[in-house]
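The block underneath contains the structure these notes are about, expressed in structure tokens.
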2 protein chains.
Amino acid sequence: MTGTGIDGVARALGVSTATVSRALRGLPGVSAATRDRVLAAAEELGYVPSSSAAHLASGRTMALGVLLPRIDEWYFAAALEGVDRALRAAGYDLVVFSLGGSGRNRERVFHRSMLRKRIDGLLVMCMELTPEELAALQQLDYPSLTVGGYVEGLRNVSIDDSAAAGDAVDHLVSLGHRKIAYLAGGDGHGVHFSVPARREAAFRRSLARHGLPVRPEWMVFGDFRFGAAKEAAERLLGAPGERPTAVFASSDEMAFGVLAAAQELGVRVPEELSVIGIDDHDFAGPLGLTTVRQDPREQGSCAAGLLLAELRGHPAQANPPWQPHRLVVRRSTGPPAGAPGFDRPGPTLHGEETAARKLFVGPVDFRSARSTP
Amino acid sequence: MTGTGIDGVARALGVSTATVSRALRGLPGVSAATRDRVLAAAEELGYVPSSSAAHLASGRTMALGVLLPRIDEWYFAAALEGVDRALRAAGYDLVVFSLGGSGRNRERVFHRSMLRKRIDGLLVMCMELTPEELAALQQLDYPSLTVGGYVEGLRNVSIDDSAAAGDAVDHLVSLGHRKIAYLAGGDGHGVHFSVPARREAAFRRSLARHGLPVRPEWMVFGDFRFGAAKEAAERLLGAPGERPTAVFASSDEMAFGVLAAAQELGVRVPEELSVIGIDDHDFAGPLGLTTVRQDPREQGSCAAGLLLAELRGHPAQANPPWQPHRLVVRRSTGPPAGAPGFDRPGPTLHGEETAARKLFVGPVDFRSARSTP
DNA sequence: CTGTTAGCGCCTTCAA
DNA sequence: TTGAAGGCGCTAACAG
């Protein structure tokens with residue numbers, strides 16, 4: 001019942017602490033009978049091993065760390081959950097180092113917390129590191145990996161952001177769009193992401209590939225957030241002069257902002273404006289948003305799995321292949337006004353025509369959404 | 001540069017490890033000169049103290065744990081960020097124990113991870129505990145606290161859910177509504193929340209207080225999720241027979257689902273249907289959703305602060321007072337069709353009348369939203 | 001199969 | 001103001 005040390009258990013049974021330790025960890029070299037007695041006694045006495053003592057003696061903390069810009073954002077929270085899933089399964093604990101959405105704590109986190117040898121490995125999430133930080137990290141020399149970002153010198157688990165952005169543009173172009181605006185995400189709080197830059201570059205390349213010009217007035221900034229995106233989209237769509245027929249938002253949350261802005265301004269989706277995002281956020285299916293799907297949970301889980309494998313002594317893999325992404329076509333995209341049915345397969349919508357006028361476009365069972373390879 | 005122990009630093013300076021330890025932790029009894037030399041040498045040698053060794057010797061881990069149903073949900077992620085903010089400021093680390101949204105890992109988390117003496121205190125977030133779990137927790141006897149939930153025997157940091165739900169109902173009733181539906185959140189994954197029950201009970205009490213009947217067919221379930229809420233609302237609003245004039249969703253995310261469903265069905269908000277939520281989710285302002293605001297970040301931060309204070313030896317406070325909540329009136333609520341302007345102060349909407357027809361009701365600067373005490 | 005013996009790296013009395 | 005020494009609880013060699 002009361003808290004004991006390993007020696008308490010040993011003494012209660014008249015065996016040595018080594019035997020107790022072995023039995024409890026399932027190591028060979030203990031008779032079945034002894035093992036059972038030990039297990040029973042440990043349970044009985046409410047024995048709880050101390051991770052610190054174990055660490056000191058064995059060199060393993062049985063914990064992994066995750067360094068991220070902040071916790072409360074869709075991608076981060078989901079990826080973190082994915083990491084934890086893998087850790088749970090392996091009996092590891094999760095230590096979280098968040099910068100809290102600002103660059104101010106950055107040095108403290110790096111110099112104080114992370115370096116305190118509490119973890120066996122580190123996952124760096126969606127951040128760029130300064131050379132000093134990278135050096136500090138490598139000096140600690142626990143195995144490390146990037147999730148959803150790119151750090152020179154670290155292996156990386158993420159989707160191919162360039163390809164994903166390219167797929168989105170291709171989809172719009174294949175529908176007949178030639179006037180495409182871009183809603184950029186970014187770094188509102190002094191943390192450096194590498195993702196937004198990749199996606200924007202890919203957008204520019206894709207337009208060029210299709211022989212389309214990049215119009216500076218159609219490159220707007222939404223900071224990966226709903227509110228900011230909505231405001232940016234209102235300015236974009238409300239501006240005098242020509243209006244784009246499609247908006248590519250580099251995250252679903254921002255795409256929702258575009259949908260809201262379009263609604264606000266009476267711009268019909270998808271007739272007058274097609275909208276596409278990236279992520280496949282929980283709201284995307286019910287809202288009928290066309291998007292490029294990625295699975296942050298899976299990515300986190302995968303990254304943690306790789307790290308765990310190395311900790312178990314498996315040789316470090318080379319940079320793992322890209323995580324999968326795929327276009328999920330729903331109802332927020334369609335041919336532009338001038339090109340009815342252009343390149344759009346399948347039957348015309350009948351009763352759903354009305355629904356298609358709406359912002360939240362049509363009742364869609366997103367599990368049945370089609371994907372395009 | 002290379003990793004050293006405390007004795008490395010001591011030897012390099014020709015002092016004892018005790019002196020180094022004291023200097024590094026800013027304890028009294030070290031001359032300023034010595035302290036400076038120690039700090040410089042430690043920096044120079046890249047000395048990093050081992051949290052495990054420190055724990056073993058001092059009994060303090062300098063880490064706090066958070067136990068929660070899952071990470072990737074609005075409230076949890078935000079509260080976690082709040083906890084981490086407080087911990088960062090105090091130099092503590094954060095260990096996260098997530099159940100991953102299912103009850104299956106529950107025992108493992110309780111018996112394996114949490115009990116490994118990695119933390120100095122525990123925050124239990126939005127969960128009910130079984131008697132055995134509570135016993136296990138109390139046996140470990142680190143100080144613990146509940147955030148956003150209620151556990152018999154633990155102190156609790158949260159809003160007064162009953163009052164919050166009551167305020168929402170009062171708001172609707174004061175606008176003239178008498179046909180009010182309730183969209184319940186709940187427990188879709190085997191984790192027990194206590195919050196949904198409190199809110200629903202308060203809803204029922206509030207209706208009774210106003211002399212209004214509770215209509216079973218207007219009590220629907222949305223599981224705290226957008227998709228589920230939207231579907232439930234579609235059934236509710238699309239059903240033959242009388243329709244409610246207002247829906248109280250027990251979370252903003254579900255309220256968004258109601259807005260989407262109303263949109264889908266051509267039900268105008270707020271003319272034909274008022275919608276109110278709880279939370280003040282990031283999307284609520286831009287969407288014009290009336291809601292009862294709470295601040296999970298602040299709650300997490302506050303809870304962590306209380307725990308830290310106790311760890312510093314301050315006497316344990318009694319159960320802390322409720323965290324604040326407040327009604328934030330935006331555009332998704334208005335008088336019901338039959339009661340134009342009833343009890344609604346302020347000028348009639350002019351040019352915004354059109355906008356008010358929309359799902360996303362009107363351009364609202366949510367920073368200027370009024371609150372009602 | 002089991003026990004004995006050293007530490008792991010630090011903190012904390014106690015003595016100087 | 002500083003140093004010496006013991007021990008936190010466990011694991012990992014090495015004996016038996």
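Labels below follow one simple rule: chain letters A, B, ... track the order of the sequence lines, proteins then strands, and each chain is numbered from 1.
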In whole Å, I'd like the distance from the [atom1] atom of [X] to the [atom2] atom of [N].
X        : N      : atom1 : atom2 : answer
B:Asp7   : D:dT2  : CG    : P     : 19 Å
B:Arg25  : C:dC11 : CZ    : P     : 5 Å
B:Met62  : C:dG9  : CE    : P     : 21 Å
A:Asp36  : C:dC1  : CG    : C1'   : 15 Å
A:Arg116 : C:dC8  : CZ    : P     : 22 Å
A:Leu56  : D:dC10 : CG    : P     : 12 Å
B:Leu13  : D:dT2  : CG    : P     : 11 Å
B:His55  : D:dC8  : NE2   : C1'   : 9 Å

With a non-hydrogen cut-off below 4.0 angstrom, is [X] in contact with a base, only sugar-phosphate, or nothing?
X       : value
A:Pro28 : nothing
B:Arg35 : nothing
B:Gly14 : sugar-phosphate
B:Ser52 : nothing

Nearest-neighbour nucleotide for the [X] side chain, [options] considered:
X       : options               : value
A:Val15 : C:dG3, C:dG9, D:dT2   : C:dG3
B:Ala54 : C:dT2, D:dC10, C:dC10 : C:dC10
A:Ser16 : C:dC10, C:dT4, D:dG3  : C:dT4
A:Val30 : C:dT2, D:dT11, C:dT12 : C:dT2
B:Thr19 : C:dT2, D:dA12, D:dT2  : D:dT2

For residues [X] and [Y], is any side-chain donor paired with an opposing acceptor at under 3.5 Å?
X        : Y        : answer
A:Asp7   : A:Thr17  : no
A:Gln323 : A:Glu298 : no
B:Gln299 : B:Ser158 : no
A:Arg35  : A:Ser31  : no
A:Ser21  : A:Arg25  : yes

Legend entry - With sequence neighbours excluded, residues passing side chain to side chain donor-acceptor pair (under 3.5 Å) with B:Glu310: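 Partners of B:Glu310 by the side chain to side chain donor-acceptor pair (under 3.5 Å) criterion, ordered by chain and then number, come out as B:Arg155.
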Legend entry - Five-pair end axes of the helix from C:dC1-D:dG16 to C:dA16-D:dT1, angle between them (10°):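 Taking the rotation axis at each end, their angle is 30°.
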Is any side-chain nitrogen or oxygen of [X] closer than 4.0 Å to OP1 or OP2 of [N]?
X       : N      : answer
B:Arg11 : D:dG3  : no
A:Thr17 : D:dT11 : no
B:Ser21 : C:dC11 : yes

With rounding to the nearest 0.5 Å, note down the distance linking [atom1] in [X] to [atom2] in [Y].
X        : Y        : atom1 : atom2 : result
A:Arg108 : A:Leu99  : CZ    : CG    : 11.5 Å
B:Leu80  : A:Phe76  : CG    : CZ    : 14.0 Å
A:Asn319 : A:Asn156 : CG    : CG    : 6.0 Å

Legend entry - Upstream residue (5' side of DNA chain C) when A:Ala32 and A:Ala57 are each assigned their closest nucleotide: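 So the residue in question is A:Ala32.
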Collect all protein-nucleotide pairs involving nucleotides 13-16 of chain C in which both atoms are nitrogen or oxygen and the distance is under 3.5 Å.
none

Inset, instruction - Mark yes or no for whether B:Asp72, through its side chain, and A:Ala77, through its backbone, hold a donor-acceptor pair below 3.5 Å. - result: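 Here the side-chain-to-backbone pair does not exist.
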Legend entry - N-O pairing of B:Arg37 and B:Glu44 below 4.0 Å: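 Salt bridge absent between B:Arg37 and B:Glu44.
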Legend entry - 5' priority, DNA chain D, between B:Gly29 and A:Leu27 [closest heavy atom]: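 This one resolves to B:Gly29.
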